[in-house]
Amino acid sequence: GKPPLMIRGFRAKRKAAKDKRMYAKGYRFRIEAWIHPAAGGDDYTIEMYSIGELSKAEIQRELKKEGSRRLDDYTVTKLEG
């Protein structure tokens, strides 16, 4: 289920602070993806930052490196300075 509201808010603030730090380092995009392990087991999330906008193929290549059986479960967010 969903985490408690306070936890969600804390996570959002923590994510916003990290986004700000990464923006200052020159990163402009955040990619959040669910990894669905091909070998089985629990799904988990990863977060990647990129300086330029990554193509669908580039993102899928990274998800494949992580061992995900699904390569389409991700979102891309453009960071604002």
Side-chain angles (χ1 to χ4, degrees):
K2 291 182 179 177
L5 184 60
M6 186 172 67
I7 300 297
R8 280 201 312 265
F10 174 74
R11 286 183 183 155
K13 284 182 184 177
R14 191 171 60 195
K15 185 183 296 186
K18 184 174 183 183
D19 285 353
K20 191 174 181 178
R21 286 193 311 272
M22 296 305 278
Y23 189 92
K25 292 179 181 182
Y27 293 93
R28 296 297 180 259
F29 296 89
R30 174 177 20 92
I31 300 98
E32 293 176 282
W34 276 96
I35 301 300
H36 304 270
D42 292 339
D43 297 345
Y44 60 94
T45 59
I46 63 167
E47 200 174 70
M48 300 179 283
Y49 287 85
S50 67
I51 293 171
E53 190 168 9
L54 298 178
S55 69
K56 184 177 179 178
E58 289 171 315
I59 294 170
Q60 289 177 338
R61 186 171 54 243
E62 292 300 319
L63 299 183
K64 203 171 197 174
K65 280 186 199 172
E66 287 289 326
S68 188
R69 62 182 162 73
R70 281 192 56 193
L71 305 177
D72 62 349
D73 196 358
Y74 64 88
T75 58
V76 178
T77 303
K78 184 171 186 193
L79 303 180
E80 302 293 331

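As the structure is a prediction and not an experimental result, all values here were calculated from the model.
- With values rounded to the nearest 0.5 angstrom, His36 atom NE2 is found 10.5 Å from Tyr44 atom OH.
- One hydrophobic cluster, built from ILVMFWY side chains closer than 4.5 Å, cannot hold both Ile31 and Tyr27; they sit in different ones.
- Considering all non-hydrogen atoms of both residues, Ile46 and Glu66 come closest at CD1-CG, 3.8 Å.
- Note that CD1 of Ile35 and CD of Glu62 are 9.5 Å apart. Values are rounded to the nearest 0.5 Å.
- No continuous path of ILVMFWY side-chain contacts below 4.5 Å connects Tyr23 to Leu54, so the two sit in separate hydrophobic clusters.
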**Full working for side-chain contact (heavy atoms from CB on, under 4.5 Å) between Ile59 and Val76** = CA-CA 10 Å; Ile59 294 170; Val76 178; 3.7 Å; yes
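- Note that NZ of Lys78 is 8.0 Å distant from CD of Glu53, once rounded to the nearest 0.5 Å.
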**Message:** Is there a side-chain contact (heavy atoms from CB on, under 4.5 Å) between Met22 and Arg30? Walk through the geometry before answering.
**Reply:** CA-CA 9 Å; Met22 296 305 278; Arg30 174 177 20 92; over 6 Å; no
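- Here the straight-line distance linking atom CG of Leu71 with atom NZ of Lys56 works out to 9.5 Å at 0.5 Å rounding.
- Under the 4.5 Å side-chain heavy-atom criterion for grouping Ile, Leu, Val, Met, Phe, Trp and Tyr, Ile51 is not connected to Phe29 through any hydrophobic cluster.
- In this structure, Leu63 CG and Met48 CE are separated by 5.0 Å, a value rounded to the nearest 0.5 Å.
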**Request:** Evaluate the side-chain contact (heavy atoms from CB on, under 4.5 Å) criterion for residues Arg61 and Lys64: first the C-alpha distance (whole Å), next the side-chain angles of each, then the deciding distance (0.1 Å), finally the verdict.
**Result:** CA-CA 5 Å; Arg61 186 171 54 243; Lys64 203 171 197 174; 5.6 Å; no
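- A single hydrophobic cluster is not seen to contain both Trp34 and Tyr74; linkage of ILVMFWY side chains at heavy-atom distances under 4.5 Å, directly or through other members, places them apart.
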